[in-house]
K.L.:
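Please find one structure pasted underneath; my questions will follow.
Below, read A as the first sequence line, B as the second, and so on, with proteins coming before strands; counting in each chain starts at 1. Source: prediction; values computed, not measured.
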Amino acid sequence: MSDIRVRIAPSPTGPLHIGTARTALFNALFARRHGGTFILRLEDTDVARSTTAFEADILDGLHWLGLGWNEGPNVAGGDDHGPYGPYRQMQRLERYAAATAALLARDLAYPCFCTPDELEADRTAQEAARRPPRYVGRCAALTADERASRVAEGRLAVTRFRVPPGVIGFEDAVRGRVEIDTANLGGDFVIVRADGTPLYHFTVVVDDAAMRISHVIRGEDHLSNTPKHILLFRALGYPEPVFAHLPLILNPDRTKMSKRKSQTAISDYIAQGFVREALVNYLALLGWSTGTEEEILSFDEIAARFDLDHVQKGGAVFDRERLEWLNGQWIRRLDDEDLITRLEPFLEAEHVAGRIDRTPTGDEIRTVLPMIRERLPTLGAVGELIGFLWVDDLRVEADALPPRRWDPATTRDGLAAARDVVAGTSPVTFEADELEPPMRALAEARGWKAGDLFMAIRVAVTGRTATPPLFDTLVALGRERVLARLDRAIATLSGGAA
RNA sequence: GCCCCCAUCGUCUAGAGGCCCAGGACGCCACCCUUUCAAGGUGGAGAUCAGGGGUUCGAAUCCCCUUGGGGGCACCA
């Protein structure tokens with residue numbers, strides 16, 4: 001292993017977000033490409049919003065994507081592994097406390113007694129004066145006596161980091177040189193809350209240093225905050241990692257992708273039947289490219305080609321249609337047993353939802369695989385596609401039965417004639433090859449267009465106008481059920497209720 | 001308001017001075033295949049490379065300005 005160490009540091013305050021997954025993927029790819037270590041650290045210092053359920057969703061989602069980590073939590077709410085643990089920030093409080101004490105001792109940070117109301121008033125005044133919001137420094141120069149008296153009053157203090165004047169510059173691995181004047185950082189910022197819990201900008205630096213992170217690869221939304229982190233790295237005497245800021249994933253209106261405007265939870269994509277290969281492939285190509293025209297690529301193939309130089313700088317709109325296309329590509333590439341395994345939970349769900357009457361066996365799924373493979377944009381589409389195979393009591397409305405060019409009477413005649421053809425076939429073999437010729441002959445004999453006859457049969461036995469090839473469908477249904485469904489349709493058209 | 005980042009077909013992108021009056025993919029439109037739906041094949045429409053100045057024999061590629069878009073500025077992460 002090289003000394004390249006990268007991490008994904010999600011906050012368990014929501015389900016695994018597509019943006020977090022993409023950042024995790026890029027970090028994992030970078031680690032794989034360079035033989036480095038990929039670390040997962042949970043940033044759970046927002047105790048009020050963090051939950052074990054979200055933690056589980058994040059861990060499960062990352063595992064599902066195939067993005068395993070070399071160091072980090074093992075299970076939600078459980079223990080972890082790796083030489084730099086623990087990997088949950090709330091279990092690392094003493095480290096932040098020590099770092100805080102060090103900063104306080106050197107007066108690089110100070111206690112601030114300003115109340116939320118005072119700060120709010122400051123911000124309101126600044127906004128009214130059309131000035132950028134920043135901490136005014138009311139507590140920056142308090143004497144020891146003044147601090148003591150405030151403490152005596154029982155007032156709680158946060159800890160603020162002193163932002164020194166100057167320009168902070170760094171070499172971003174995707175954007176090149178970036179320079180920001182510390183005067184634009186918003187003043188001395190809070191690193192520890194009044195209740196003693198540390199804040200993100202502080203913990204991220206303490207931990208990235210403690211965990212020996214060599215490359216911080218994260219979203220562009222952190223670019224402006226990077227000077228704060230660099231200031232902290234320096235104040236604490238830690239070496240600075242290399243920073244790489246990835247372009248944001250955007251809503252169709254080009255704003256930062258959000259739950260309000262897009263589907264952002266990975267679990268939702270999983271539930272709809274997207275396969276990991278497609279998601280990984282799609283996400284990798286969102287903001288990065290091989291530099292060639294290759295595009296259907298596995299994680300390993302991408303990792304072999306991955307580099308930060310080809311990372312795009314501008315944000316990328318999330319295009320679900322392209323994801324669906326890629327998903328279809330990957331579904332077609334899965335081998336039979338794999339596809340069956342992945343389809344099973346979706347068929348099970350169809351059953352549970354009551355849309356089909358039983359869950360088909362693996363063997364049953366295997367027999368229909370050739371006719372559905374090319375027709376599945378997602379695994380979740382399987383019910384719509386062939387659910388009619390496992391419905392006991394299919395009923396089709398009379399209005400739906402006639403093909404475009406046929407009237408009800410013709411349709412009834414056509415179905416009756418078709419029924420005779422089916423009835424005349426051998427009950428033992430019942431193959432598509434022995435069904436099609438006589439049906440075509442029938443259509444020709446009666447002067448019907450074969451397509452119309454086929455459509456009438458299709459709707460009668462499946463209830464749908466779009467299905468896999470008709471004769472394969474009839475075979476899958478079986479002779480007896482085809483006869484029964486044709487009978488019922490004929491009865492329906494005859495005015496009976498069957 | 002201030003700071004930072006960004007800017008090639010509707011979308012994802014190739015392009016690191018001449019190979020580009022800009023290539024690929026998704027989507028869209030035709031046609032082929034075809035019993036429907038897909039898949040697949042072929043072809044097409046679609047970007048004066050945001051605009052304007054430079055630099056250069058030559059710029060999508062380098063520089064500047066403008067415009068536009070985005071992000072950040074919490075006792076959220």
Side-chain angles (χ1 to χ4, degrees), chain A residues 9-11 13-14 43-46 48-50 112 114-116 119 123 126-127 129-135 156-160 172 175 178-181 183-187 189-195 197 199-201 203-204 219-228 245 247-248 250 252-256 282 285-296 309-310 312-326 328 332 371-377 385 403 436 439-440 443 449-455 457-459 462 464-471 473:
Chain A
S11 179
T13 54
E43 310 221 320
D44 54 358
T45 55
D46 185 349
R49 294 194 299 145
S50 296
C112 168
C114 294
T115 65
L119 296 173
R123 267 192 291 273
Q126 287 160 345
E127 192 177 333
R130 315 198 65 147
R131 299 295 307 163
R134 67 176 290 129
Y135 176 58
L156 293 174
V158 300
T159 303
R160 281 186 189 274
D172 190 282
R175 279 145 221 286
V178 176
E179 295 186 342
I180 296 177
D181 193 315
N184 297 310
L185 260 29
F189 57 91
V190 179
I191 56 176
V192 181
R193 292 185 180 88
D195 69 3
T197 55
L199 255 13
Y200 167 76
H201 293 308
T203 58
V204 73
E220 190 194 339
D221 44 353
H222 288 297
L223 188 59
S224 300
N225 291 325
T226 303
K228 290 180 184 174
H245 288 90
L248 259 22
L250 277 23
D253 65 4
R254 305 203 73 88
T255 53
K256 181 162 76 166
Y282 179 71
L285 259 22
L286 247 204
W288 176 81
S289 71
T290 60
T292 69
E293 286 175 358
E294 303 170 291
E295 53 186 358
I296 310 285
D309 300 330
H310 281 87
Q312 202 78 14
K313 295 189 188 72
V317 173
F318 189 87
D319 182 359
R320 191 191 167 94
E321 302 226 59
R322 189 170 158 83
L323 204 213
E324 283 194 11
W325 169 74
L326 260 179
R332 273 163 241 145
M371 52 197 256
I372 64 174
R373 245 202 146 92
E374 267 98 66
R375 286 169 244 266
L376 289 174
L385 226 203
E436 184 165 354
M439 285 295 185
R440 286 191 183 281
K449 291 196 66 174
D452 290 334
L453 207 217
F454 295 173
M455 182 55 84
I457 300 171
R458 170 177 296 113
V459 174
T462 69
R464 319 190 58 84
T465 54
T467 70
L470 181 61
F471 300 104
T473 301

K.L.:
With a 4.5 Å limit on heavy-atom distance, are the side chains of A:P377 and A:E321 in contact?
P.N.:
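When only atoms from C-beta onward are counted, A:E321 and A:P377 do not touch, as no gap falls below 4.5 Å.
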K.L.:
To the nearest Å, give me how far apart CZ (A:F318) and P (B:U11) are.
P.N.:
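In whole Å, B:U11 P lies 16 Å from A:F318 CZ.
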K.L.:
Taking only the P atom of each, what is the distance from B:U11 to B:A47 in whole angstrom?
P.N.:
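Result for the P pair: 12 Å, nearest Å.
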K.L.:
Does B:A14 have OP1 or OP2 sitting under 4.0 Å from an N or O in the side chain of A:Q312?
P.N.:
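Checking B:A14 against A:Q312, a side-chain N or O does come within under 4.0 Å of OP1 or OP2.
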K.L.:
Paired with B:C76 by Watson-Crick or G-U wobble geometry, both distances under 3.5 Å: which nucleotide is it?
P.N.:
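Because no pair has both required distances under 3.5 Å, B:C76 counts as unpaired.
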K.L.:
Measuring only the C1' atom in each nucleotide, how far is B:G1 from B:G44? A whole number of Å is fine.
P.N.:
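Here B:G1 and B:G44 have their C1' atoms 50 Å from each other.
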K.L.:
Grab the CG-P distance between A:L286 and B:U13 for me, whole Å please.
P.N.:
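From A:L286 CG to B:U13 P: 6 Å.
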K.L.:
Do any side-chain nitrogens or oxygens of A:R332 fall under 4.0 Å of OP1 or OP2 in B:G40?
P.N.:
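Checking A:R332 against B:G40: at least one side-chain N or O falls below 4.0 Å of OP1 or OP2.
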K.L.:
Between A:D452 (CG) and B:U34 (P), how many Å, whole number?
P.N.:
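Interatomic distance, CG of A:D452 to P of B:U34: 18 Å.
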K.L.:
Expressed in whole Å, how much space separates the C1' atoms belonging to B:G71 and B:C76?
P.N.:
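To the nearest whole Å, 16 Å.
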K.L.:
Which value, rounded to the nearest 0.5 Å, describes the distance between A:T13 atom OG1 and A:D44 atom CG?
P.N.:
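Here the interatomic distance stands at 10.0 Å.
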K.L.:
Hey, which sits more toward the 5' end of RNA chain B by its nearest nucleotide, A:G451 or A:G315?
P.N.:
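Result of the comparison: A:G315.
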K.L.:
Across nucleotides 67-77 of chain B, 5' to 3', mark each nucleotide with B, S or - according to how protein heavy atoms within less than 4.0 Å reach it.
P.N.:
---SBSB-BBB
K.L.:
What's the gap between B:C73 and B:A60 when it is taken at their P atoms, as a whole Å value?
P.N.:
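B:C73 and B:A60 have their P atoms separated by 39 Å.
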K.L.:
Atom CD of A:E295 and atom C1' of B:U13: how far apart are they, to the nearest Å?
P.N.:
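Atom-to-atom, A:E295 to B:U13, this comes out as 10 Å.
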K.L.:
Could you tell me the separation between the CZ atom of A:R464 and the OG1 atom of A:T473, rounded to the nearest 0.5 Å?
P.N.:
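Rounded to the nearest 0.5 Å, the CZ-OG1 separation comes to 11.5 Å.
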K.L.:
Need one value for A:E127: base, sugar-phosphate or nothing, where a base atom within 4.0 Å counts as base even if backbone is also close, heavy atoms only.
P.N.:
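It contacts nothing in the nucleic acid.
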K.L.:
How is A:G287 classified with respect to the nucleic acid when contacts are heavy atoms under 4.0 Å: base, sugar-phosphate, or nothing?
P.N.:
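Sugar-phosphate only.
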K.L.:
B:A25 P sits how many Å from A:E293 CD, rounded?
P.N.:
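Going from A:E293 (CD) to B:A25 (P), I get 7 Å.
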K.L.:
Does B:G40 have a Watson-Crick or wobble partner in any strand here, with both distances under 3.5 angstrom, and which is it?
P.N.:
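Its partner is B:C32 (Watson-Crick or G-U wobble, both distances under 3.5 Å).
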K.L.:
In whole Å, what separates the P atom of B:A22 from that of B:U48?
P.N.:
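Between the two P atoms, the distance is 11 Å.
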K.L.:
Between the base of B:C5 and the side chain of A:R175, is there a donor and acceptor pair under 3.5 angstrom?
P.N.:
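No such pair is found, so the answer is no.
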K.L.:
Atom CD of A:Q126 and atom CZ of A:R134: how far apart are they, to the nearest 0.5 Å?
P.N.:
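So the gap between those two atoms works out to 8.0 Å.
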K.L.:
Take the protein atom CH2 of A:W288 and the nucleotide atom P of B:G24, then report the distance between them rounded to whole Å.
P.N.:
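Answer to the nearest Å: 20 Å.
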K.L.:
Measure across A:A443 and A:L453 and return the closest heavy-atom pair with its distance rounded to 0.1 Å.
P.N.:
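Heavy-atom minimum between the residues: CB-CD1, 4.2 Å.
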K.L.:
Rounded to whole angstrom, note down the P distance from B:C37 over to B:C29.
P.N.:
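Comparing P positions in B:C37 and B:C29 gives a spacing of 13 Å.
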K.L.:
Among the nucleotides B:G10, B:A25, B:U13, which one has an atom lying closest to any side-chain atom of A:D319?
P.N.:
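Ranking B:G10, B:A25, B:U13 by closest atom to the A:D319 side chain puts B:G10 first.
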K.L.:
For A:R193 and A:T197, does a side-chain donor sit closer than 3.5 Å to a side-chain acceptor?
P.N.:
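Note: A:R193 and A:T197 side chains meet the donor-acceptor criterion.
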K.L.:
So which heavy atom on A:T465 is nearest to which on A:R458, and how close?
P.N.:
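It is O-CD, 3.4 Å.
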K.L.:
Looking only at atom C1', what distance separates B:U56 and B:C62, rounded to whole Å?
P.N.:
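These two C1' atoms come out 10 Å apart once rounded.
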K.L.:
So what does A:L470 touch, heavy atoms closer than 4.0 Å: a base, only the sugar-phosphate, or nothing?
P.N.:
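The residue A:L470 makes base contact.
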K.L.:
Nearest of B:U35, B:C5, B:A14 to any side-chain atom of A:S289?
P.N.:
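Of the candidates, B:A14 comes closest.
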K.L.:
Base, sugar-phosphate alone, or nothing: which one does A:P377 contact when heavy atoms must sit under 4.0 Å apart?
P.N.:
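Nothing, no heavy atom under 4.0 Å.
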K.L.:
What is the distance from CZ of A:R322 to P of B:G10, rounded to the nearest Å?
P.N.:
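Value for this atom pair: 16 Å.
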K.L.:
On a whole-Å scale, what distance lies between the P atoms belonging to B:G17 and B:A59?
P.N.:
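Rounded to whole Å, the distance is 14 Å.
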K.L.:
Round to a whole Å and report the spacing from CH2 of A:W325 to P of B:A38.
P.N.:
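These atoms are roughly 17 Å apart.
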K.L.:
With rounding to the nearest 0.5 angstrom, report the OH to CZ distance, A:Y135 to A:R123.
P.N.:
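Between A:Y135 OH and A:R123 CZ, I get 11.5 Å after rounding to 0.5 Å.
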K.L.:
Below 3.5 Å, does any donor atom in the side chain of A:R458 face an acceptor in the base of B:U35, or the other way round?
P.N.:
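Result: at least one qualifying N/O pair found.
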K.L.:
Consider the side chain of A:M455, meaning its heavy atoms from C-beta on, and name the nucleotide among B:U36, B:C6, B:U13 that approaches it most closely.
P.N.:
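In terms of side-chain proximity for A:M455, the closest of B:U36, B:C6, B:U13 is B:U36.
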K.L.:
Among the candidates B:C12, B:G15, B:U35, find the nucleotide nearest to the side-chain atoms of A:F471.
P.N.:
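The answer is B:U35.
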K.L.:
Paired with B:C9 by Watson-Crick or G-U wobble geometry, both distances under 3.5 Å: which nucleotide is it?
P.N.:
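By the stated definition (distances under 3.5 Å), nothing pairs with B:C9.
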K.L.:
Output yes when A:R320 and A:E324 qualify as a salt bridge under the 4.0 Å nitrogen-oxygen rule, no when they do not.
P.N.:
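The answer is yes: the pair qualifies as a salt bridge.
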K.L.:
Does B:C57 have a Watson-Crick or wobble partner in any strand here, with both distances under 3.5 angstrom, and which is it?
P.N.:
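Answer to the pairing question: B:G18, which forms a Watson-Crick or G-U pair with B:C57.
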K.L.:
How many angstroms lie between CG in A:L185 and OG1 in A:T226, if you round to the nearest 0.5 Å?
P.N.:
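Here the rounded value is 10.0 Å.
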